[in-house]
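In what follows, a structure is listed as structure tokens, so that the remarks can point back to it.
Numbers restart at 1 for each chain; the letters A, B, ... are given by sequence-line order, proteins then strands.
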Amino acid sequence: MFKIATWNVNSLKVRLPHLIDWVNENNPDVFALQETKTQDENFPLEAIEALGYNVVFTGQKTFNGVAVLSRHALKDPIMALPDFDDPQKRLLAVTVGDVRVIDVYIPNGSEVGSDKYEYKLKWLASLHAFVKQQLTEYERVVILGDYNIAPEDIDVHDPKAWEGSVLVSAPERKAFDDLLDLGFHDAFRAFTEEQVFSWWDYRQGGFARNKGLRIDHILFSKAMTEDFQACYVDDAPRKLERPSDHTPVVAEFDINIDR
DNA sequence: ATGGTAGGTTTCCTA
């Protein structure tokens with residue numbers, strides 16, 4: 001079994017105790033993190049290695065930052081989109097066994113029509129080109145992380161209130177669909193038609209009222225279709241004291257990684 | 001109804 005998970009931790013420093021507990025309980029083969037908000041020199045390398053994981057990371061001060069933990073060897077890391085000059089640390093691609101893992105922290109976009117929204121759409125276009133290129137080198141590809149896109153209305157607690165706004169707007173959803181059209185499945189939707197969220201606003205009791213969105217996703221390439229077993233959201237970490245606003249999403253595959 | 005909460009190192013910015 002090959003278990004791969006993603007979690008926007010919203011500060012690795014603050015969430016490290018939750019992360020350690022979750023890893024010990026769930027034992028993922030690969031764990032992709034976003035919003036580490038940690039400069040590389042401050043990365044808690046010893047704590048992660050003590051859990052029995054290899055890790056690659058690319059971070060910056062205050063914002064963004066991604067990391068991939070793996071029980072297996074990590075090969076051929078790429079720390080940024082190759083054709084997009086971006087000071088923001090939002091992408092990490094690495095190979096585990098014969099699976100190419102692409103950890104993404106897709107820009108939030110702030111507000112439809114804003115500069116940040118334009119940046120988000122350009123970033124997504126660059127991601128599309130990168131993934132297309134990676135598919136020429138790797139058959140098994142997983143793209144996982146915080147997409148900041150709710151793909152369909154079922155992924156939104158109140159679609160009418162959210163209609164047209166950032167995270168659900170048509171251009172963002174088209175960019176998501178364009179990724180699928182390269183030959184990917186949305187693991188959660190391949191597994192269930194349930195309405196389940198992966199993020200709840202800290203404000204106004206978003207989690208308690210289940211006013212959330214499904215914006216954290218695991219996409220797998222068609223070459224992995226026969227291997228796919230399950231996908232689920234684990235909301236247990238969202239119930240803890242001082243939680244991240246996101247909670248882990250997990251996918252399981254019938255794949256053996258040699259080392 | 002443009003609020004609210006959280007994290008960073010800030011006196012606001014981002015989400």
**Report entry** Pairing residues for Phe188(A) by the ring-ring contact (aromatic ring centres under 6.0 Å, His included) criterion, not counting sequence neighbours
**Finding:** none
Mind listing the side-chain donor-acceptor pairs of residues 17-25 of chain A below 3.5 Å, one per line with the distance, residues two or more places apart or on another chain?
unit_1	atom_1	unit_2	atom_2	d
His18(A)	NE2	Glu241(A)	O	3.2
Trp22(A)	NE1	Asp234(A)	OD2	2.7
Asn24(A)	ND2	Ile20(A)	O	3.3

For [N] versus [M], give the span between their [atom1] atoms, rounded off to a whole number of Å.
N: dA15(B); M: dT10(B); atom1: C1'; answer: 15 Å
N: dC13(B); M: dG3(B); atom1: P; answer: 14 Å
N: dA1(B); M: dT9(B); atom1: C1'; answer: 32 Å

Query raised in the report: When you check every protein heavy atom under 4.0 Å of nucleotides 7-15 of chain B, what one-letter string (B, S, -) results, 5' to 3'?
Result: SSS----SB
Query raised in the report: Among all residues two or more places apart in sequence or in another chain, which pass the salt bridge (charged side-chain N to carboxylate O under 4.0 Å, His left out) test with Lys120(A)?
Result: Glu172(A)
Query - Other cluster members, Phe207(A) - Ile/Leu/Val/Met/Phe/Trp/Tyr, side-chain contacts below 4.5 Å - result: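 Via sub-4.5 Å side-chain contacts, Phe207(A) links to Phe197(A), Trp200(A).
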Query - Apart from Leu240(A) itself, residues in the same hydrophobic cluster as defined by side-chain heavy atoms under 4.5 Å - result: none
Per-pair distances, 0.1 Å, donor-acceptor, side chain in residues 44-57 of chain A, under 3.5 Å, sequence neighbours excluded:
unit_1	atom_1	unit_2	atom_2	d
Tyr53(A)	OH	Pro28(A)	O	2.5
Tyr53(A)	OH	Arg71(A)	NE	3.4
Asn54(A)	ND2	His72(A)	O	3.0

Query raised in the report: Which residues, if any, of residues 164-179 of chain A bring a heavy atom under 4.0 Å of DNA chain B?
Result: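 Output list: empty, so none.
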Requested in this report: List in chain and number order the residues that pass side-chain contact (heavy atoms from CB on, under 4.5 Å) with Asp86(A), two or more places apart in sequence or in another chain; answer none if no residue qualifies.
Outcome: Phe84(A), Gln88(A), Arg90(A), Tyr119(A), Trp123(A)
Query raised in the report: Around atom CD of Gln229(A), are there more than 12 heavy atoms of other residues, nucleotides or ligands at under 6.0 Å?
Result: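 Counting other residues, nucleotides and ligands, CD of Gln229(A) exceeds 12 neighbours.
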